[in-house]
Amino acid sequence: MAEVVLEHVYKRFGNVTAVQDFNLHIEDAEFMVFVGPSGCGKTTTLRMIAGLEEITEGTARIGDRVVNDVPPKDRDIAMVFQNYALYPHMNVHQNMSFGLRLRKTPRDEIEKRVRETAQILQIEHLLDRRPRELSGGQRQRVALGRAIVREPKVFLMDEPLSNLDAKLRVEMRASISKLHRQLGVTTIYVTHDQIEAMTMGTRIVVMKDGLIQQVDSPINLYDRPTNKFVAGFIGSPAMNFMVGTVHDGRIKSGQFDVKPNGELGQKLAPYNGKKVYLGIRPENLGLKGFTDIPEADNGIDATVDVVEPLGAETQIIASVGGDQSVVAKVDPHAHVQAGDQVRLLADVRFLHAFDIESEHNLRFH
């Protein structure tokens with residue numbers, strides 16, 4: 001097992017800087033997730049760790065060894081790709097043992113590792129099949145098995161579940177998390193899916209435009225986002241943002257008037273008379289008459305545009321003024337339909353406010 005350390009890492013493609021000043025210390029046996037929108041540099045960073053891309057500037061270490069100039073095959077890592085990359089002419093056993101055979105591993109040791117890994121992944125009955133005879137989920141397990149049998153210091157996973165259907169993705173998320181607990185191998189996992197990131201990662205790196213925005217535990221990213229980008233990226237549905245003006249500790253516009261409490265209320269003092277972004281998550285909004293949230297002059301007047309009954313809750317999308325909208329998760333028994341004028345109540349304990357220019361979260365700056 002090994003820690004992975006990146007210090008002041010840059011990657012440039014000509015005049016384009018894909019990754020800039022990337023600094024990260026991944027602990028031994030940690031499950032670290034890189035998440036962000038397409039083009040943010042997460043896969044490029046993973047490929048630099050793997051040795052598939054050269055580091056333009058900076059240092060990468062795996063364990064106690066600097067690996068900038070070490071070939072991929074000598075880095076003691078195993079990579080699981082989005083497209084599985086299985087050899088179609090080989091059966092499952094041959095695919096899983098291929099890397100060990102290249103290393104001239106003794107036959108008895110190969111057989112032992114393949115059988116043990118197949119048992120962990122529950123694919124013992126598939127060892128004689130070819131990839132074309134397997135489902136997507138089975139192929140993904142074989143790809144994982146091929147990585148596991150090598151007993152590497154680090155697993156690198158590049159969007160391994162993105163080709164699976166929704167139900168299978170949920171199952172495989174749980175399987176990979178369970179595997180990590182069993183094996184205890186340092187794992188770096190790339191995804192654009194923030195639900196995958198939140199449910200799997202020990203810590204998460206949120207990236208945008210090649211820059212780290214925040215590195216933190218899933219719950220801290222959710223509760224304490226450092227800026228508007230992180231706040232909007234983590235959480236599903238995304239946090240609502242509305243522009244309002246600060247007046248005597250309140251944030252107001254023509255359609256809403258809320259009073260943040262505690263620390264955030266104090267942080268707003270220098271912003272009196274200035275505009276800020278008000279942030280509130282859909283689950284922290286309630287529909288007047290169907291919520292325990294006290295009104296206490298904290299309300300948002302809105303017009304319902306879309307009603308989405310989801311069983312355990314109803315999700316509504318509503319217009320606030322001409323150009324702003326909010327999503328709210330409300331009581332499933334609330335009788336509401338498109339076109340209704342409603343009053344949404346904000347749970348002031350969970351309000352956020354962001355500087356208009358820097359987009360920093362005022363609660364934590």
Side-chain angles (χ1 to χ4, degrees), residues 3-13 16-27 30-49 53 55-60 156-159 162 187-243 263-264 267 276-282 284 327 350-365:
E3 62 181 11
V4 177
V5 179
L6 302 176
E7 296 174 333
H8 304 293
V9 167
Y10 287 76
K11 178 62 184 179
R12 300 185 184 93
F13 297 97
V16 177
T17 301
V19 177
Q20 48 187 318
D21 202 21
F22 194 100
N23 292 278
L24 185 65
H25 186 163
I26 302 169
E27 302 285 350
E30 189 170 15
F31 196 117
M32 180 68 78
V33 178
F34 294 173
V35 70
S38 296
C40 71
K42 55 190 185 294
T43 293
T44 300
T45 304
L46 191 80
R47 290 173 62 84
M48 286 191 286
I49 296 169
E53 294 283 358
I55 294 174
T56 306
E57 187 180 327
T59 304
L156 305 177
M157 301 190 183
D158 187 11
E159 305 211 27
S162 58
T187 302
I188 306 172
Y189 187 103
V190 163
T191 181
H192 64 275
D193 184 332
Q194 54 92 17
I195 294 177
E196 268 181 36
M198 292 286 284
T199 54
M200 298 175 74
T202 312
R203 286 191 297 156
I204 301 171
V205 180
V206 182
M207 295 182 66
K208 178 190 177 190
D209 299 333
L211 287 165
I212 292 177
Q213 301 294 306
Q214 188 170 353
V215 183
D216 222 322
S217 65
I219 193 63
N220 276 349
L221 287 175
Y222 185 82
D223 287 339
R224 303 173 62 86
T226 191
N227 59 34
K228 183 172 176 277
F229 175 79
V230 175
F233 195 83
I234 298 296
S236 180
M239 183 182 285
N240 297 301
F241 300 107
M242 297 172 285
V243 176
E263 184 184 12
L264 179 56
K267 293 284 185 74
V276 296
Y277 290 110
L278 171 69
I280 181 80
R281 294 198 181 278
N284 299 136
V327 178
F350 303 108
L351 292 177
H352 297 267
F354 303 87
D355 185 283
I356 287 285
E357 293 181 2
S358 70
E359 298 192 349
H360 285 146
N361 192 335
L362 302 182
R363 184 187 286 275
F364 308 118
H365 281 79

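By convention here, the first residue in the shown sequence is residue 1. Here the structure is a predicted model, which is why all the values come from computation and not from measurement.
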(request) Look at the rings of Phe31 and Tyr189 and say which category their plane angle falls in: under 30° parallel, 30 to 60° tilted, over 60° perpendicular. (result) tilted

(message) I'd like to check Met207 versus Phe22 (side-chain heavy atoms, cut-off strictly below 4.5 Å). Are they in contact?
(response) yes

(request) For Ile26 and Arg203, work out which heavy atoms get closest and say how close. (result) CA-NH2, 4.2 Å

(request) Let me know which of Ile195, Val205, Asp193, Ile204 forms a side-chain contact (heavy atoms from CB on, under 4.5 Å) with Val35. (result) Ile204

(request) Indicate the atoms forming the closest heavy-atom contact of Ala60 with Ile55, along with that distance. (result) CB-CD1, 3.5 Å

(message) Tell me the closest heavy-atom pair linking Gly201 and Pro218, and the distance in Å.
(response) O-CG, 3.4 Å

(request) Report the C-alpha distance between Glu3 and His25 in whole Å, list the side-chain angles of each, state the deciding distance to 0.1 Å, and finish with yes or no for side-chain contact (heavy atoms from CB on, under 4.5 Å). (result) CA-CA 7 Å; Glu3 62 181 11; His25 186 163; 2.8 Å; yes

(request) Could you check if a side-chain atom of Met32 sits within less than 4.5 angstrom of a side-chain atom of Val4, using non-hydrogen atoms only? (result) no

(message) When you compare the side chain of Glu196 with that of Val33, does any pair of heavy atoms fall below 4.5 Å?
(response) no

(request) Taking the side chain as every heavy atom from C-beta outward, state whether Gln213 and Leu211 have any atom pair closer than 4.5 Å. (result) yes

(request) Please report the C-alpha distance between Phe229 and Asp209 in whole Å, then the side-chain angles of each, then the deciding distance to 0.1 Å, and finally whether the side-chain contact (heavy atoms from CB on, under 4.5 Å) criterion is met. (result) CA-CA 11 Å; Phe229 175 79; Asp209 299 333; over 6 Å; no

(request) Please confirm whether the backbone N or O of Asp355 pairs with a side-chain atom of Ser358, one donor and one acceptor, at under 3.5 Å? (result) no

(message) Quick one: does any side-chain atom of Asn240 pair with a main-chain N or O of Ile280 as donor and acceptor, under 3.5 Å?
(response) yes

(request) For residues Val276 and Phe354, determine if any side-chain heavy atom of one lies less than 4.5 Å from a side-chain heavy atom of the other. (result) no

(request) Could you tell me which non-hydrogen atom of Gly232 sits nearest to which non-hydrogen atom of Ala238, and how far apart they are? (result) O-CB, 3.3 Å

(message) Whether the side chain of Arg281 engages the backbone of Asp223 through a donor-acceptor N/O pair (distance < 3.5 Å, no angle test) should be reported.
(response) no

(request) Begin from the C-alpha positions of Tyr10 and Asp21 and carry the test side-chain contact (heavy atoms from CB on, under 4.5 Å) through to its verdict. (result) CA-CA 6 Å; Tyr10 287 76; Asp21 202 21; 3.4 Å; yes

(message) Is the shortest side-chain heavy-atom distance between Phe241 and Leu278 below 4.5 Å?
(response) no

(request) Determine the minimum heavy-atom distance between Leu351 and Leu264, stating which atoms define it. (result) O-CD2, 3.4 Å

(message) Within the 4.5 Å heavy-atom criterion, are Leu6 and Ile49 side-chain neighbours or not?
(response) yes

(request) Kindly determine whether Thr226 and Phe364 satisfy side-chain contact (heavy atoms from CB on, under 4.5 Å), including the steps that lead there. (result) CA-CA 7 Å; Thr226 191; Phe364 308 118; over 6 Å; no

(request) Spell out, as yes or no, whether a donor-acceptor pair under 3.5 Å connects the side chain of Asp216 to the backbone of Leu221. (result) no

(request) Flag the pair Met239 / Phe350 as yes when at least one side-chain heavy-atom distance between them is below 4.5 Å, and no otherwise. (result) no

(message) When you measure from the side chain of Thr56 to the backbone of Arg12, do you find a donor-acceptor pair of N or O atoms at a distance under 3.5 Å?
(response) yes

(request) Could you tell me the separation between the CZ atom of Arg363 and the NZ atom of Lys267, rounded to the nearest 0.5 Å? (result) 9.0 Å

In a table with atom names and distances, give each donor-acceptor pair under 3.5 Å that connects a side chain of residues 38-46 to protein atoms at least two apart or in another chain.
unit_1	atom_1	unit_2	atom_2	d
Lys42	NZ	Gly36	O	3.0
Lys42	NZ	Pro37	O	3.2
Thr43	OG1	Asp158	OD1	3.1
Thr45	OG1	Gly41	O	2.8

(message) Main chain of Arg224, side chain of Gln214: is a donor-acceptor contact present, judged purely on distance under 3.5 Å?
(response) yes

(request) Taking atom types as modelled, find out whether His8 and Glu57 have a side-chain donor-acceptor pair closer than 3.5 angstrom. (result) no

